[in-house]
Amino acid sequence: MRENFGSKIGAVLAAAGSAVGLGNIWRFPIETGRGGGAAFVLIYLGCVLLLGLPVMLSEFMIGRHTRANTARAYQKLAPGSRWKWVGRLGVATGFMILSYYSVVAGWTLHYAFLSATCGFKGKGTEDYPALFSSFSSSTWLPLMWMALFILVTHRVVSRGVKGGIERWSKLLMPALFVMVAVLVGCAVSLPGAGEGLTFLLKPDFSRVDSLTVLSAMGQAFFSLSLGMGCLCTYASYFTRHTNLMGTALKVISIDTLIALMAGFIIFPAAASAHYSLSSGDIGPSLIFITLPGVFQQAFGGAPLLSWVFSTLFYLLLMVAALTSAISMHEVVTSYLSEEFSLTRRRAALLETVSCLLLGVVCSLSFGLLSDLKLAGMTVFDLFDFVASNIAMPLGGVLISLFAGWRLSRKAIMDEMTNGGTLRAPWVRTLIFLLRWIVPLIILIMVAHQLYSGL
Ligand code: TRP
């Protein structure tokens with residue numbers, strides 16, 4: 001017997017747990033900084049509604065209709081066709097993302113530990129770049145944290161859907177929300193925070209160009225966990241009574257709210273510490289190099305507050321990363337266990353061990369293996385590039401084409417109305433978006449990105 005999520009709120013929180021992750025708290029503020037603040041946020045919201053919502057609904061429909069792992073789902077709906085490769089692509093992507101995601105998650109664990117044990121004490125702004133590069137390029141310490149992170153993920157996933165994933169999501173998501181809210185409160189009350197608020201609230205369209213739109217779309221996909229069958233797998237555990245549209249809207253709102261709140265932590269805090277908001281200060285190294293300094297400067301007169309703030313922040317990041325990692329792990333675990341008739345524990349173990357091995361290579365690509373380059377990229381960068389710039393958008397296109405053209409109208413109506421018990425007057429608009437608009441926009445985005453990268 002296949003498991004189900006035991007409650008509606010459990011299903012929503014598990015899907016929201018997948019969506020809310022490093023993408024919201026780490027990647028969103030970086031992209032917002034680059035894109036010029038409020039203007040980027042508005043474009044991002046447009047992408048979420050126009051592209052994110054239809055693709056999320058497709059994944060939900062495909063998953064719940066077939067109640068199978070993402071590869072088998074396509075096989076069931078289109079037997080004998082090549083569509084099953086969309087599912088397999090998703091499994092491969094999930095495997096790849098989890099390997100490098102765990103490396104970054106391991107870093108957040110290390111920083112939470114450093115912060116909690118007063119490891120930032122006596123350090124100044126100029127010390128953080130060296131601290132980070134010597135840590136991330138060392139051999140054993142990052143490996144140890146990464147392994148710990150993967151093992152925790154493994155434990156939750158191998159306990160199953162209801163007792164593992166749902167139980168932990170129900171506990172961790174509210175905790176995360178409280179932590180984020182406390183941090184927003186601290187950040188906006190810092191002296192000089194106003195500049196950061198203006199940056200986030202007053203749109204400046206002069207800095208927007210086509211690349212801004214592209215990165216907003218990419219961010220929407222990554223942040224909502226779309227394009228690789230993650231939400232499709234979770235939807236296969238939804239019950240017949242789950243309202244798909246309602247669930248999608250709730251997940252999207254929670255994800256967007258947390259991303260915005262992360263913005264309301266980072267920009268006011270950075271403004272208060274006199275960092276420049278739209279320049280290199282808010283770059284990929286933001287959370288590990290800029291932020292520790294921000295915490296210290298912002299609470300210069302109150303070391304205890306600075307300790308609480310920074311420790312909470314890294315813990316929160318770790319919690320967010322954990323619920324997302326669980327969802328990626330589950331895609332692969334359910335595939336392995338159902339396709340190769342393995343027990344859940346065995347399948348989870350297989351995924352964990354392979355991820356550990358790949359994770360070692362990703363982690364070492366910052367140090368020992370930094371010279372190992374393929375197409376000019378280290379293994380870590382290559383994984384990130386292939387997964388988020390090629391495999392996920394491609395998956396998104398294929399998923400929406402599949403739902404738009406291959407799923408029967410009856411199946412779509414059935415899923416959207418729960419067998420006729422709900423009203424869904426927007427189904428025609430949805431099908432139109434899935435058939436034409438979503439695939440076209442994403443293809444243009446990928447082509448443009450590859451073209452401008454050459
Ligand atoms: N959405 C998560 C985040 O914001 C990451 C994530 C989880 C993800 N599952 C995914 C990204 C599947 C792409 C595909 O961090």
Side-chain angles (χ1 to χ4, degrees), residues 13-32 44 47-48 51-52 55-56 58-60 63 69-70 86-87 89-105 107-108 149 153 156-157 165 169 172-173 176 180 215-235 248 251-252 254-263 284 287 316-335 351 355 383-399 442:
L13 289 182
S18 166
V20 176
L22 296 175
N24 301 59
I25 298 165
W26 168 60
R27 207 164 180 272
F28 179 79
I30 297 170
E31 296 290 326
T32 306
Y44 173 77
C47 293
V48 164
L51 305 174
V55 175
M56 186 180 285
S58 309
E59 293 210 20
F60 279 180
N69 69 74
T70 173
V86 180
L89 173 76
V91 174
T93 316
F95 182 60
M96 219 155 61
I97 303 185
L98 184 56
S99 306
Y100 75 81
Y101 203 82
S102 305
V103 175
V104 181
W107 295 346
T108 68
F149 181 81
T153 310
V156 176
V157 173
I165 298 174
S169 303
L172 293 180
M173 290 305 291
L176 177 84
V180 178
S215 51
M217 288 194 254
Q219 174 62 20
F221 264 76
F222 189 88
S223 187
L224 295 172
S225 306
L226 295 174
M228 51 148 284
C230 209
L231 296 182
C232 175
T233 304
Y234 270 20
V251 171
I252 286 182
I254 296 175
D255 188 68
T256 308
L257 184 68
I258 302 252
L260 289 176
M261 286 169 88
I287 52 174
L316 164 156
L317 213 54
M318 192 274 291
V319 167
L322 181 63
T323 50
S324 299
I326 290 171
S327 72
M328 297 179 221
H329 199 296
E330 176 62 24
V331 172
V332 186
T333 300
S334 71
Y335 170 77
E351 155 72 344
C355 239
F383 276 26
D384 181 43
F385 179 83
V386 174
S388 45
N389 295 0
I390 300 176
M392 276 169 45
L394 191 67
V397 171
L398 293 171
I399 288 169
I442 302 177

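Residue numbers run from 1 in the order of the sequence given. Just so you know, ligand 1 is whichever comes first in the structure, and atom 1 is the first atom listed for that ligand.
Counting all heavy atoms, side chain and backbone alike, Ser18 lies closest to Ser327 at OG-OG, 2.9 Å. Looking at every heavy atom in both residues, Glu330 comes nearest to Ile165 through OE1-CD1, 3.5 Å. Nearest heavy-atom pair, Leu226 versus Gly52, reported as atom, atom and distance to 0.1 Å: CD1-O, 3.5 Å.
Short contacts between ligand 1 and Leu22, defined as distances under 4.0 Å to a heavy atom of the residue, involve ligand atoms 15 (O). Taking a cut-off of under 4.0 Å to the non-hydrogen atoms of Ser327, the atoms of ligand 1 that pass are 7 (C), 9 (N). Less than 4.0 angstrom separates some heavy atom of Ser324 from each of these atoms of ligand 1: 2 (C), 7 (C). Counting atoms of ligand 1 from 1 in the listed order, those under 4.0 Å from a heavy atom of Asn24 are 4 (O). Below 4.0 Å from some heavy atom of Ser223 lie the following atoms of ligand 1, by number and element: 1 (N), 4 (O).
Aromatic rings from Phe60 and Tyr234 are positioned such that their centres are separated by 6.0 Å or more.
Under a 4.0 angstrom heavy-atom cut-off, Tyr101 registers as being in contact with ligand 1.
Of all protein heavy atoms, the one lying nearest to atom 4 (O) of ligand 1 is Ala19 O, 2.9 Å. Taking atom 13 (C) of ligand 1 as the reference point, the nearest protein heavy-atom neighbour is Met392 SD, 3.4 Å. Protein heavy atom at the shortest distance from atom 1 (N) of ligand 1 is Phe222 O, 2.8 Å. The single protein non-hydrogen atom nearest to atom 9 (N) of ligand 1 is Ser225 OG, 3.3 Å, given as residue, atom name and distance. Closest protein heavy atom to atom 12 (C) of ligand 1: Met228 SD, 3.3 Å.
Judged purely by distance below 3.5 Å, without hydrogens or angles, the side chains of Thr233 and Thr70 never pair a donor atom with an acceptor atom.
With rounding to the nearest 0.5 angstrom, the OG1 atom of Thr256 is 8.0 Å from the CZ atom of Phe28.
Of the candidates Val319, Leu322, Leu317, Ile25, Leu317 is the only one forming a side-chain contact (heavy atoms from CB on, under 4.5 Å) with Thr108.
The aromatic rings of Tyr100 and Phe383 stand perpendicular to each other, their planes meeting at an angle above 60°, with 30° marking the opposite boundary.
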